[in-house]
Amino acid sequence: MQKIYNKIIQISGNVVVLSATGIRYGELAVIKSERGDSFAEVIRIDGKLVYLQVFAGSGGVSTGDEVRFLGKQMEVSFSDNLLGRVFDGTGRPRDGGPTLTKNLIEIGGPTVNPAKRLIPSNMIHTGIPMIDLFNSLVESQKISIFTTSGEPYNELLARVALQAKVDIIILGGMGLRYDDYLFLKNTLESEGSLSRSILYVHTAADPVVECIMVPDISLTIAENFALHGKKVLVLLTDMKNFCDALKEIAITMEQVPSNRGYPGDLYSQLAARYEKAVDFEDAGSVTILSVTTMPGNDVTHPVPDNTGYITEGQYYLNNGRIEPFGSLSRLKQFVNKNTRDDHRPLMDAMVQLYAYYQEVLEKKAMGFRMTRSDNRFLKYGILFERNLMDLSVDISLEKALDTGWRILSECFDPEETGIRTELIKKFWPKKKQ
Amino acid sequence: MKNTGKIVGINKNMITVEFEGNVKQNEVAYAVLGESRLKTEVIRIKRNRADLQVFEDTRGLKMDDVVEFTGELLSVELGPGLLGQLYDGLQNPLHKLAGELGFFLQRGKHINALPEDTKWEFTPCVKPGDKLQAADAVGTVKEGIFTHRIMVPFHLSDRYEVVDIAESNKYSVKEQVALIKDKRGSLIPLSMMFEWPIRSPVTLYRERLDPAEPLITRIRIIDTLFPVAKGGTYCIPGPFGAGKTVLQQITSRNAKVDIVIVAACGERAGEVVETIKEFPKIIDPFTGRSLMERTIIVCNTSSMPVAAREASVYTAITMAEYYRQMGLDVLILADSTSRWAQAMRERSSRLEEIPGEEAFPAYLESTIAGFYERSGLVRLRDGSTGSITIGGTVSPAGGNFEEPVTQATLKVVGAFHGLSQERSDARHYPAIDPLDSWSKYTGIIDNQSRNHTVRLLSKAHEISQMMKVVGEEGITLDDYILYLKGEFFDNVYLQQNAFDSVDMATSEERQKKVFSIIKEIIDATLDLNSKDDARNFFNRSRQMFLDYNSSEWNSNDFFENERLIREWFHKYRKAGTEIETHIFRQALVESEMDSHFSRAKTAKTKKGERLTMVKEENAEDIQ
């Protein structure tokens, strides 16, 4: 049963209001305007007035346009045919391929029962030492890359996507520059990974409402693949744009803003998405790696701040490197106890020594005389940055651990490192005669 | 005849309903959506329209859908079988839901909180003719390690006489165990369970007492420097990544109380999972039983419905009040109260109320105060005492403690454990900042020693700041030793290794002992002639203490390590001249006047009364 109306009473921002009855909250409608058809969703009912959020924006919508209610909620097609395809924020093909209409599922389903969650236990290897060695990425983790505009975060995402040993990659792009979209797509294509990827891309030029749909669609599809036993990695870039879209709509709806114009439910909105990361017993998993750009590198900005409270850690990408300080994977202790017995102590020792190197640098900058031991630290810092921190380094965890030991042995005596004697005996590289 | 209404407006989780009969503020109503009934609560009434917050997703509701009012306030079930359970914010047992529904939660699904098929061994403690009133016991059952009192329901406000009482046998929670009659002679059957509205405090005790007895958390920095009292309140604010949740988890394991209720309110689901999966395996050293047997988890994680998050802290405290009524000590750990406040903010914004600071509702402060005031040590009518202690984490936006939730909380708590990013970055766990935190309670160490050590830490901090500018060469040996003493105390006492099976929990006895040894070292004049000497002495001492900390209490290792420490210390101890002692004390006194510590304290009262008080304390110290 479809209801058709053609009297719009009010148009403001991306929201149109009309008088209608028997309409369900959350229901989808199609607005036929001279600029073409657009989906719209019911976001408020007030007596006979129905508020519709128009996905394509209200530009060109006339008060006499036809509004047809579909009697159902937003749905998206789910099947293996999705693999290798590129869609926009509402699930329409962006790659010229056929529209998928089979096996439709509702987006934004219910929450996973906490009693059914598992303690995470599998590491996702990325080949990036700053991740694998120092802040391991864990299956079913939700973690964000905190960075600023201009940093190579999409390159980092692409690298993780190419190297991570997962079954399916779902890329959700929000407010992407067209160049970035092409870069991500071409990288996946040229490395032969497109066939296991699905892209939902909203570019900066697309209507802002579609931006909000991207995480929901991506995660709904991911969840369903996971229920079918697949390990899914969802990459979301950039969540700041998602939050800005929320802000825009909240303000149009005349909601009271809470902090820097963002709506009061920003935390709940972000959590509803990020909490989709899960490990299903006897089935697959969803892991979320997102990008959050911080205006002015300010981590106290509401978007990174709320994100930090929700995600299980963050990687600080700064000056083209993942910083060892501040970066944190809250789940790493579940996996790094099972890798190699030197993983944890080596990780701790190297970070502490690197912290000391920073102090020495400060001391040097203030003009204090460098002692012999200070010079060792300077050497250590340089080797550490070159061989482990540099983003172009691409080695396995085993290799990264060995590299770590080699760096230590080139700079220090064993007792200076603060590592337990038994491990030193086992792993300290023997001096070449 | 059911009282019903019709939906006339929907805005996210808020519906507006037109009704004809009478509607009560905060009563529960169900919105009928096909087969399912969505639970809602009345939160505002205007003429013939009521605003209801819906505890579930509202998608699919439409105009004119029927809403059934129940006439009852939002309540929880109280009775044997609560312990060891995992509930959502509205007291639905999540394990049972998972058994029925699988991976996902489904809206409109309610399951009774108490298992109805479990039989409890009931022992009566009254006989026909006995006079009773609300909260008096009619009998007891064994619930795990506790004697669970079966009480006259709290809402029966009259005086009653026992007509009939069941004999010792096994009963399920809904079977009648007693029959009582009121003054007018009408009979009231009692089962082992009853309901109580979550927003009303239970006050069926004789008097509230001063919370004087410390609650031992076995975390040294808390018990020694910033103690918490049984029946008191405390808060843990900190930026993300500073270790709030880990601290709460450690407390939930180690705190010396009867029952722990964990209210995971709007936080990550993954964190609750750890507790759910680990607790049944951990054996409580005091009782020899699994920790789960003394724990209730109320979990409304961040992606679960916001309105239920708002209710979840009340669900938790109501269950706590029920167990307090049995003379037990209950600890509530609410993580995080900021998420709860945000839930209020979301609701307020949908009601289009005039916003206060940062869009929080104007009643934020009174609501927070009202929640914390439900804590307390009380004497019950039978003379026994029970207590509720509340520890809430706060997640201040941007890690800035000036924001409304932190400030509103600080006003009403008795202890403040501020976590700092710097300490957490430096891997100093627990990352409670000793220079920022405070406690109004008396702990296991006398207040003078407490203040004294805090002053030492603040002076050491000051010297370390100075060294950053002038280098190690730029300060005197005396100052350097003072600095090392502060570092030493921080390293071997305040920091605690949560992964070490011994160090993770330090008993009260042990804390007193170790603290007294350390205090001796700190107060002593040491025979150290150069900075290298001093550094070596403290490095070695530190190493010895770390070994000492991880050796089992009263084991051979323990005594051996202690002997080694004493021997080492006596080698360097020297009888300080009067002047040296004076200089040392003077140093600590000065630091009180101008250090960060005193600034933090005085900033809190703008009038400066606090400052004069602190000065007087010092004056006494010098004499």
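Options A/Phe368, A/Phe334, A/Phe280 differ in how many heavy-atom pairs under 4.5 Å they form with chain B, and the most are formed by A/Phe280. Counting heavy-atom pairs under 4.5 Å between each of A/Ala355, A/Pro263, A/Ala115 and chain B puts A/Ala115 at the top. Interface remark: of the candidates B/Arg339, B/Met63, B/Glu358, B/Gln421, B/Arg339 forms the most heavy-atom pairs closer than 4.5 Å to chain A. When the candidates B/Ser348, B/Cys299, B/Ser395, B/Pro239 are compared by the number of heavy-atom contacts under 4.5 Å with chain A, B/Ser395 comes out ahead. Ranked by heavy-atom pairs under 4.5 Å with chain A, the list B/Gly270, B/Pro355, B/Pro396, B/Pro305 is led by B/Pro396. Chain B forms more heavy-atom pairs under 4.5 Å with one residue of A/Lys276, A/Gln255, A/Glu281, A/Lys363 than with any other, namely A/Glu281. Options A/Pro114, A/Gly109, A/Gly313, A/Gly26 differ in how many heavy-atom pairs under 4.5 Å they form with chain B, and the most are formed by A/Pro114. In terms of non-hydrogen atom pairs under 4.5 Å with chain A, the most contact-rich of B/Gly9, B/Gly60, B/Ser349 is B/Gly60.
Rounding to the nearest 0.5 Å gives a distance of 9.5 Å between OG of A/Ser258 and CD of B/Glu346. Put simply, CD on A/Glu362 and NZ on B/Lys468 are 7.0 Å apart, with the number rounded to the nearest 0.5 Å. Atom CZ of A/Arg117 is separated from atom NZ of B/Lys277 by 11.0 Å, given to the nearest 0.5 angstrom. Annotation: the span from B/Ile276 atom CD1 to A/Leu118 atom CG amounts to 11.0 Å, rounded to 0.5 Å. The line from CZ of A/Arg44 to CD1 of B/Ile10 is 11.0 Å long, rounded to the nearest 0.5 Å. Rounding to the nearest 0.5 Å gives a distance of 13.5 Å between CG of B/Leu61 and CD1 of A/Ile23.
Contacts of A/Glu312 with chain B are made by both backbone and side-chain atoms, with heavy-atom separations under 4.5 Å. At a 4.5 Å heavy-atom cutoff, the contact between B/Leu97 and chain A is made by backbone and side-chain atoms alike. Heavy atoms of A/Val351 lying under 4.5 Å from chain B belong exclusively to its side chain. For a residue to count as touching a neighbouring chain, one of its non-hydrogen atoms must lie under 4.5 Å from one of that chain's; by this rule B/Thr58 touches chain A with backbone and side chain alike. Within the 4.5 angstrom heavy-atom criterion, only backbone atoms of A/Thr311 (N, CA, C, O) approach chain B. Only the side chain of A/Gln314 comes within less than 4.5 Å of a heavy atom of chain B; its backbone N, CA, C and O stay farther away. Neither the backbone nor the side chain of B/Glu56 has a heavy atom closer than 4.5 Å to any heavy atom of chain A. Only the side chain of A/Leu227 comes within contact range of chain B, judged by heavy atoms closer than 4.5 Å. Neither the backbone nor the side chain of A/Asp298 has a heavy atom closer than 4.5 Å to any heavy atom of chain B. Neither the backbone nor the side chain of A/Glu27 comes within contact range of chain B; no heavy atom of the residue lies under 4.5 Å from a heavy atom of that chain. With a 4.5 Å cut-off on non-hydrogen atoms, A/Ile119 touches chain B through its backbone and its side chain both. Looking at B/Pro93, there are no atoms closer than 4.5 Å to chain A (heavy atoms on both sides), in backbone or side chain. Only the side chain of B/Val306 comes within contact range of chain A, with heavy atoms under 4.5 Å apart. Looking at B/Val469, the atoms closer than 4.5 Å to chain A (heavy atoms on both sides) all sit in the backbone: N, CA, C or O. Heavy-atom distances place both the backbone and the side chain of B/Asn11 under 4.5 Å from chain A. Residue contact with chain A, scored on non-hydrogen atoms closer than 4.5 Å, involves the side chain of B/Glu352 exclusively. With a threshold of 4.5 angstrom between heavy atoms, A/Pro257 approaches chain B through N, CA, C or O but not through any side-chain atom.
Within 6.0 Å of OH on A/Tyr356 lie no more than 12 heavy atoms contributed by other residues, nucleotides or ligands. For A/Gln333, the CD atom is densely surrounded, since the number of other residues' heavy atoms within 6.0 Å is greater than 12. For B/Gln465, the CD atom sits in a packed shell: over 12 heavy atoms of surrounding residues, nucleotides or ligands are nearer than 6.0 Å. No more than 12 heavy-atom neighbours from other residues, nucleotides or ligands sit within 6.0 angstrom of NZ on A/Lys364. Remark: A/Arg369 CZ is loosely packed, at most 12 non-hydrogen atoms of other residues, nucleotides or ligands lying under 6.0 Å away.
Under the 4.5 Å side-chain criterion, counting only non-hydrogen atoms from C-beta, A/Arg24 is in contact with B/Leu33. In this structure, the side chains of B/Arg268 and A/Glu275 come closer than 4.5 Å at one or more pairs of heavy atoms.
The shortest non-hydrogen separation linking B/Ala397 to A/Asn259 is CB-ND2, 4.4 Å. The shortest heavy-atom contact between B/Gly399 and A/Asp305 is N-OD1, 4.3 Å. Of all heavy-atom pairs between A/Pro110 and B/Leu105, the closest is CB-O, 3.1 Å.
Between the side chain of A/Tyr309 and the backbone N or O of B/Glu267, no donor-acceptor pair lies under 3.5 Å. Not one N or O on the side chain of A/Lys116 forms a donor-acceptor pair closer than 3.5 Å with the backbone of B/His95. Between the side chain of A/Tyr25 and the backbone N or O of B/Lys12, at least one donor-acceptor pair lies under 3.5 Å. In this structure a side-chain-to-backbone donor-acceptor pair under 3.5 Å is present from A/Thr111 to B/Ser303. Judged by distance alone, the side chain of A/Asn113 and the main-chain N or O of B/Phe103 form no donor-acceptor pair under 3.5 Å.
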> Would B/Gln342 and A/Ser268 satisfy side chain to side chain contact (heavy atoms under 4.5 Å, CB included), going step by step from the backbone distance to the final call?
Replying inline: CA-CA 9 Å; B/Gln342 282 178 344; A/Ser268 303; 5.9 Å; no
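For the pair A/Arg330 and B/Phe240, the NZ or CZ position fails the cation-pi test of under 6.0 Å to the six-membered ring centre and within 45 degrees of the ring normal.
Electrostatic pairing of A/Asp265 and B/Arg347 does not count as a salt bridge here, judged by no charged N lying under 4.0 Å from a carboxylate O.
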